[in-house]
**Student:** 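The structure under discussion is supplied below as structure tokens; questions concerning it will follow.
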There are 2 protein chains.
Amino acid sequence: MSAELPIVDASAAPCCPPVTAAALSEADAERMAAMFKALSDPVRLRLFSRVASHAGGEACVCDIQDVGVSQPTVSHHLKKLREAGLLTSERRGTWVYYRVAPGPLAAMAGLLTATR
Amino acid sequence: MSAELPIVDASAAPCCPPVTAAALSEADAERMAAMFKALSDPVRLRLFSRVASHAGGEACVCDIQDVGVSQPTVSHHLKKLREAGLLTSERRGTWVYYRVAPGPLAAMAGLLTATR
DNA sequence: GCGCTGCATTGACGCTCGTCGATACAGCCG
DNA sequence: CGGCTGTATCGACGAGCGTCAATGCAGCGC
């Protein structure tokens, strides 16, 4: 596959008020579920948290890849997180750096934040 | 699997500071991933949002079951949400009422809330 | 150019998941 | 009691996922 499938458009509408405020439409549920799915695997969640908490807001793959699975598997999971719109990647010389996409993260947090 | 597997203990430690603050341990990642997994299906996410946004903070299955899948499938998804600790259920006469468990919801929101 | 390191892709395998129809169970009502 | 409605469980099937070893590709240094 060539083009990075844009499962979640990072520049899309904020989408979702708190889940306690109104029921989700079918389309919104589909989009949000895709993001939750990206974090539904322990290995992926750890990779995500390592990028998010890394100094400077970005991390090279080599900094975070020690999570107990093979290197191809790490690469596979990072791709999933990219496709979900939760991470962005940039190649700088030999290394590839990942950072968190703030928009989708805020959308998920907003959805889960109780109004009361 | 017979007994209700307590994938996530509702009364467990708050578990997680924002994901931008520190990397998750393997155990915490496992627990949090289980919650995200529960919301990673569009049908489940819609059921959850319908319960969360329903008047009175609770909903009868009959109020929310029109999501385009069969009744057994709805029941199956509600069970998954229960097992993940995100919903609680109570039988009152003929009907079963579901409501959101505030603790786990807050844990997820807290994890995703950016510190900056 | 050549070899080496960092990361991505491919292809295969086993397991889990979402879905359904059929069926079972619980509580109300006549 | 007998029938009816609301909800849960069972068993089966196909699709998708996580994992790996093998391979490919890009960039650096000698």
Side-chain angles (χ1 to χ4, degrees), chain A residues 1-5 7 26 29-30 32-48 50-51 54 58-84 86-99, chain B residues 1-5 7 26 29-30 32-48 50-51 54 58-84 86-99:
Chain A
M1 68 195 67
S2 54
E4 201 85 335
L5 356 166
I7 291 179
E26 194 169 345
E30 206 99 31
M32 296 306 296
M35 297 191 224
F36 285 118
K37 190 173 201 168
L39 297 184
S40 71
D41 181 89
V43 172
R44 244 168 3 232
L45 188 53
R46 289 180 70 197
L47 288 171
F48 182 77
R50 285 189 172 202
V51 171
H54 204 265
E58 68 178 11
C60 163
V61 177
C62 56
D63 290 328
I64 61 172
Q65 70 182 343
D66 184 23
V67 288
V69 295
S70 70
Q71 177 271 322
T73 301
V74 169
S75 194
H76 169 71
H77 284 311
L78 288 173
K79 182 178 184 178
K80 286 294 195 73
L81 288 166
R82 247 185 302 142
E83 289 175 350
L86 296 180
L87 290 182
T88 60
S89 65
E90 181 193 355
R91 169 153 227 141
R92 283 208 291 277
T94 305
W95 298 278
V96 176
Y97 291 85
Y98 282 80
R99 53 174 60 237
Chain B
M1 57 192 78
S2 53
E4 200 85 337
L5 358 164
I7 292 178
E26 193 168 345
E30 206 100 29
M32 296 305 296
M35 298 192 223
F36 285 119
K37 189 175 203 168
L39 297 183
S40 71
D41 180 88
V43 171
R44 256 185 332 250
L45 188 53
R46 289 180 70 199
L47 287 171
F48 181 76
R50 284 188 173 203
V51 171
H54 204 265
E58 67 178 9
C60 164
V61 176
C62 57
D63 290 329
I64 61 173
Q65 70 180 343
D66 183 24
V67 288
V69 295
S70 71
Q71 178 270 324
T73 301
V74 169
S75 193
H76 169 73
H77 284 312
L78 288 173
K79 182 177 183 179
K80 286 293 194 74
L81 288 167
R82 247 185 303 142
E83 289 175 350
L86 296 180
L87 290 182
T88 61
S89 66
E90 181 192 355
R91 170 153 228 143
R92 284 209 291 278
T94 305
W95 298 278
V96 176
Y97 292 84
Y98 282 80
R99 52 173 63 236

**Student:** Here's a test of your reading of the structure: between B:Leu78 and A:Arg44, which maps to the more 5' nucleotide of DNA chain D?
**Tutor:**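 The answer here is B:Leu78.
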**Student:** Which atom pairs link the protein and nucleotides 24-30 of chain D when you take only N or O atoms and keep those under 3.5 Å?
**Tutor:**
none

**Student:** Strictly distance-based, threshold 3.5 Å: is any side-chain N or O of A:Arg44 a donor or acceptor partner for the main-chain N or O of A:Arg46?
**Tutor:**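 Judged by distance alone, no pair lies under 3.5 Å.
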**Student:** Expressed as a whole number of angstroms, how long is the span from B:Tyr97:OH to C:dA26:C1'?
**Tutor:**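 It works out to 15 Å between those atoms.
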**Student:** Calculate, to the nearest 0.5 Å, the distance between atoms CD and OH belonging to A:Glu90 and A:Tyr97 respectively.
**Tutor:**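 Taking CD in A:Glu90 and OH in A:Tyr97, the distance rounds to 9.5 Å.
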**Student:** Does B:Lys79 place a side-chain N or O at less than 4.0 Å from the phosphate oxygens OP1/OP2 of D:dT7?
**Tutor:**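 B:Lys79 to D:dT7 OP1/OP2: no side-chain N or O under 4.0 Å.
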**Student:** Whole Å only: how far is the CH2 atom of A:Trp95 from the P atom of C:dA8?
**Tutor:**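 After rounding, the reported distance stands at 14 Å.
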**Student:** Is any side-chain heavy atom of A:Leu78 closer than 4.5 Å to a side-chain heavy atom of A:Ile64?
**Tutor:**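 The answer is yes; the side chains approach within 4.5 Å.
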**Student:** Which residues in residues 61-76 of chain A have a heavy atom closer than 4.0 Å to any atom of DNA chain C?
**Tutor:**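 A:Val61, A:Cys62, A:Gln71, A:Pro72, A:Ser75, in order of number.
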**Student:** What's the OH-P distance between A:Tyr98 and C:dG6, to the nearest Å?
**Tutor:**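 Roughly 15 Å, once rounded to whole Å.
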**Student:** Minimum heavy-atom separation for A:Ala33 to B:Leu45, with atom names?
**Tutor:**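 So the minimum-distance heavy-atom pair works out to N-CD2, 3.5 Å.
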**Student:** With a 3.5 Å distance limit and no angle check, can you tell me whether A:Ser40 reaches the backbone of A:Lys37 through a side-chain donor-acceptor pair?
**Tutor:**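 Confirmed, A:Ser40 side chain pairs with A:Lys37 backbone.
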**Student:** Please state how far atom CD in B:Glu83 lies from atom P in D:dA8, giving the value in whole angstrom units.
**Tutor:**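 Going from CD in B:Glu83 over to P in D:dA8 covers 12 Å.
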**Student:** Looking only at heavy atoms, which two atoms of B:Leu81 and B:Ala38 are closest? And how far apart?
**Tutor:**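 Scanning both residues completely, I find the closest heavy atoms to be CD2-O, 3.6 Å.
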**Student:** Starting at NE2 of A:His77 and ending at P of C:dT9, how long is that distance when rounded to a whole Å?
**Tutor:**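 A:His77 atom NE2 is separated from C:dT9 atom P by 15 Å.
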**Student:** At less than 4.0 Å, is any side-chain N or O atom of A:Lys37 found next to OP1 or OP2 of D:dC17? Yes or no.
**Tutor:**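 For A:Lys37, the contact criterion (side-chain N or O under 4.0 Å from OP1 or OP2 of D:dC17) is met.
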**Student:** Take the protein atom CD of B:Glu90 and the nucleotide atom C1' of D:dG6, then report the distance between them rounded to whole Å.
**Tutor:**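 It is 16 Å, rounded to the nearest whole Å.
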**Student:** Send over the distance from A:Asp41 CG to D:dC17 C1', rounded to a whole Å.
**Tutor:**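 Nearest whole value for this atom pair: 9 Å.
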